[in-house]
Amino acid sequence: MADTNGFAGRIGRTMAGSEPHWPSRPTAPEGAPNIIFVLADDVGFADLGCFGAEIRTPNLDRMAAEGVRFSNFHVNPMCSPTRASLLTGINCHAAGMGHIAQDDPGFPGYRAELGSNVATAAEILRDHGYATLMVGKWHLCRDAAMSAGGPIDSWPLQRGFDRFYGILEAFTNLHHPHRLVRDNHVVPNDRYPDGYFLTDDLTEQAISMVREVQASRPGKPFFLYVAHPAAHAPLLAKADDIERYRHTYTVGWDQIRQQRHARQIELGIISADTVLPPREDGEVDGVAAWDDLTDTERLVFARYMAVYAAMVDEIDQSMGRLREALEESGQWENTIVVYLSDNGASREGEATGTTNYFAHLAGAPDTVARDAERLDLIGGPQTMSHYPRGWAMAGNTPFRMYKRHTHAGGIQVPCIVHWPAGLAHQAGTIRRQYAHCIDLLPTVLELAGLSAPTQYRGNDLLPFDGISLAPVLADDSHPTLRTEQYYENEGHRGFYRDGWEVVTNRIPRRPFGDHEWELYHLDADPTETRDLAAEHPELVSALSQGWHEAAVRNNVYPLDEGSGWRWLVRPPADDVFHEPVTIYAGTPTLERIRCGSLTWQRNFTVTIDVTVAEGDHGVLVAHGDQGGGYSLELRHTGLVFVHNDGHGLTSRVDAGELAPGRHSVVLDFRAPGGGRWHVTVQVDGAARNEPFDCPMLWPMAPFSGIDVGIDRSSPIDWSRFEAHGPFPYSGRLHSARYEPGELAPDAPARFTDFLRDWGAKFE
């Protein structure tokens with residue numbers, strides 16, 4: 001008889017005699033494929049070799065030859081909305097991302113962050129046992145939430161990714177990124193190594209993440225999201241890649257466009273009877289004939305396009321290196337790769353292009369003559385360039401209009417799906433069925449044999465707006481699955497149904513109404529050349545009503561009337577950014593949104609508490625980069641105020657010697673209006689210079705934040721950088737205090753109420 005009164009009896013069974021119970025954890029089905037989304041930025045429909053371009057893209061061309069190309073594939077007209085739809089399978093406004101993450105006007109469809117009622121691909125796949133990895137551009141959290149102060153609940157790791165390396169916002173300097181984030185923290189960096197380039201860095205980081213997962217837990221599938229900042233402005237590329245295209249674009253955009261159109265017909269991307277529309281005309285959207293440009297314009301504009309082509313080439317090189325790494329590890333065969341662009345080629349360089357993208361966005365005049373003097377610098381770290389919209393027209397061949405628009409040039413993009421283990425029998429085929437980026441997540445889930453949840457973390461989820469394209473991938477003759485889709489951006493609107501489309505080319509600050517709608521029969525006229533609105537008013541009425549019903553369902557209202565109010569209004573929680581701040585030496589670079597709130601369109605002072613010993617030198621305070629900025633430095637000649645206008649003009653103002661001892665040094669910025677600053681340097685209460693008149697830096701410049709005691713990453717003064725690098729202050733710098741003052745008389749923030757009332761008149 002067992003001793004039930006003994007020790008074993010008192011404590012129950014021994015460990016060896018008990019059945020083990022482990023908690024269940026998500027496990028992917030055996031043989032589940034890896035999944036990769038590769039998203040290019042602002043790459044037009046015709047910018048890949050396999051879609052008609054002269055740009056060298058052998059790796060993507062090979063994927064197209066081995067996989068499936070979609071020639072009738074659509075996205076949203078801007079980057080953040082497309083990213084939201086791609087990662088959730090939900091229409092962008094319903095997901096909370098109806099516009100880019102740079103504004104938050106306080107309406108459900110424009111929260112500038114994903115809602116809790118949608119789940120990302122990373123959240124879904126992680127719950128299916130996948131490793132979830134991301135490199136590149138996020139752009140799905142409010143700009144005011146990008147700092148260490150957060151909230152960080154909309155950062156990649158909080159939306160399902162195990163690992164992240166890249167940028168949180170829209171763009172950066174690819175040679176000298178202004179702010180890199182790894183997982184949940186900013187990557188500390190004073191100076192990038194010579195030859196650094198972000199596209200290469202992202203590629204190596206992606207490969208490293210995948211290899212780490214494979215080595216750590218063999219057989220675990222991964223989801224990898226490679227979201228290239230390229231080829232978004234500023235246009236920047238490596239010198240050797242630019243050189244490859246030095247003479248390619250001297251023939252001009254008209255000839256390149258004709259060549260691409262012919263090549264697309266030859267490739268079967270478009271039918272032989274597809275009409276190439278004439279150049280866009282008019283002051284707002286128009287493109288000049290290449291032959292009508294001046295010699296200087298043709299010289300500069302060809303250089304811009306050479307840099308852009310190099311960026312697309314570098315995206316292709318990245319794809320090649322990633323493929324090589326996966327082939328080496330034996331993972332490529334069972335990896336689903338989806339390549340696409342987030343919107344059409346961008347018009348943001350407008351008629352003449354620029355070497356200062358930040359200023360150009362704010363309407364600065366063209367600088368073609370000055371740009372010609374810096375021709376060989378275009379594409380390098382000293383310029384923030386963008387090409388003219390004539391090249392965007394060529395990039396979107398054969399379609400009309402550009403990024404931002406709801407015409408085909410803004411929303412129809414290249415898409416390639418490649419999966420050797422599952423689609424080899426469809427190698428080289430083309431799908432002409434209408435499709436949208438909301439369809440991709442449902443598609444890969446079906447291909448992988450995975451289900452979509454109805455709840456996530458206790459929240460009921462919106463059902464997918466997307467439809468699985470798996471039947472279309474399996475059969476090129478399968479009927480089109482997506483029969484309807486709405487579009488909206490900045491008041492531009494569009495609605496597709498059964499081969500017909502209504503669309504508007506919105507003129508800001510005009511009444512909305514039925515008079516704006518154009519009507520096209522896309523089955524017969526895919527390039528939108530014959531407006532049939534006058535011939536079929538009943539169809540216009542039905543389709544515009546369809547748009548309205550979709551807009552109501554998806555939180556599209558209220559519409560942006562073009563007053564500019566949406567860029568100025570901020571939630572009350574953001575008022576804290578206007579409060580003074582003391583920054584101590586050694587503090588990481590202060591994030592740019594906070595910095596801009598202290599300085600943009602207003603008076604402000606910077607009070608520097610510094611102790612100087614004989615021979616001390618270095619940067620006391622720096623705000624900005626090669627795209628524009630200012631600094632105060634102690635050099636062997638004494639105090640020097642530096643102002644970089646971002647267009648290649650760097651001014652230096654001598655403020656005299658700084659004797660040994662402790663000093664209060666003040667930079668006093670006055671903003672009298674007219675886009676100017678008057679800057680005075682004061683030492684211990686005494687002015688050291690006459691007020692220095694200089695251009696106020698533009699809304700997104702300074703793009704890099706404030707540094708105290710050093711000028712990190714992209715330098716404000718290039719010649720100083722070449723001699724001394726980031727030039728850290730060698731003595732004791734106690735702090736720098738920023739105190740914002742009155743707004744400039746003509747600061748837009750003074751007119752928020754007026755703009756709201758004015759805009760309401762156009763409802």
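- Residues H418 and T335 fail the side-chain proximity criterion, which asks for heavy atoms closer than 4.5 Å.
- Scored by the side-chain contact (heavy atoms from CB on, under 4.5 Å) test, T480 finds Q433, Y434 as partners (sequence neighbours excluded).
- Listed by first and then second residue, the salt bridge (charged side-chain N to carboxylate O under 4.0 Å, His left out) pairs involving residues 532-561 are D560-R566 (not counting sequence neighbours).
- Within the structure, the salt bridge (charged side-chain N to carboxylate O under 4.0 Å, His left out) test picks out no pair touching residues 415-431 (sequence neighbours left out).
- Residues passing the side-chain contact (heavy atoms from CB on, under 4.5 Å) test with A392, sequence neighbours excluded: A345, Y387, Y402.
- In terms of the side-chain contact (heavy atoms from CB on, under 4.5 Å) criterion, residue partners of E54 (sequence neighbours excluded) are, by chain and number, T248, Y249, I256, R260.
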task: Determine, stepwise, if the pair D498 / R482 fulfils salt bridge (Lys or Arg N to Asp or Glu O under 4.0 Å).
output: CA-CA 9 Å; D498 295 329; R482 175 151 300 286; over 6 Å; no
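- Listed by chain and number, the residues in a salt bridge (Lys or Arg N to Asp or Glu O under 4.0 Å) with R257 amount to none (sequence neighbours excluded).
- The aromatic rings of F171 and H232 lie parallel to each other, with less than 30° between the two planes, well short of the 60° mark.
- Legend: residues meeting salt bridge (Lys or Arg N to Asp or Glu O under 4.0 Å) with E516, ordered by chain and number and at least two apart, are R493, R506.
- Shown are H405, K403, E280; of these, the side chain to side chain contact (heavy atoms under 4.5 Å, CB included) with R347 is made only by H405.
- Outside the 6.0 Å centre-distance limit, the rings of Y339 and F37 are not counted as a close aromatic pair.
- In this view, Y225 satisfies the side chain to side chain donor-acceptor pair (under 3.5 Å) rule with no residue, not counting sequence neighbours.
- Pairs engaging residues 44-64 under the ring-ring contact (aromatic ring centres under 6.0 Å, His included) rule: F45-F51, F45-F399 [sequence neighbours left out].
- Under the rule for a salt bridge (Lys or Arg N to Asp or Glu O under 4.0 Å), D465 has no partner lying at least two apart in sequence or in another chain.
- Here E446 pairs with nothing under the salt bridge (Lys or Arg N to Asp or Glu O under 4.0 Å) rule; sequence neighbours left out.
- Remark: T483 pairs with no residue by the side chain to side chain donor-acceptor pair (under 3.5 Å) rule, at least two apart or across chains.
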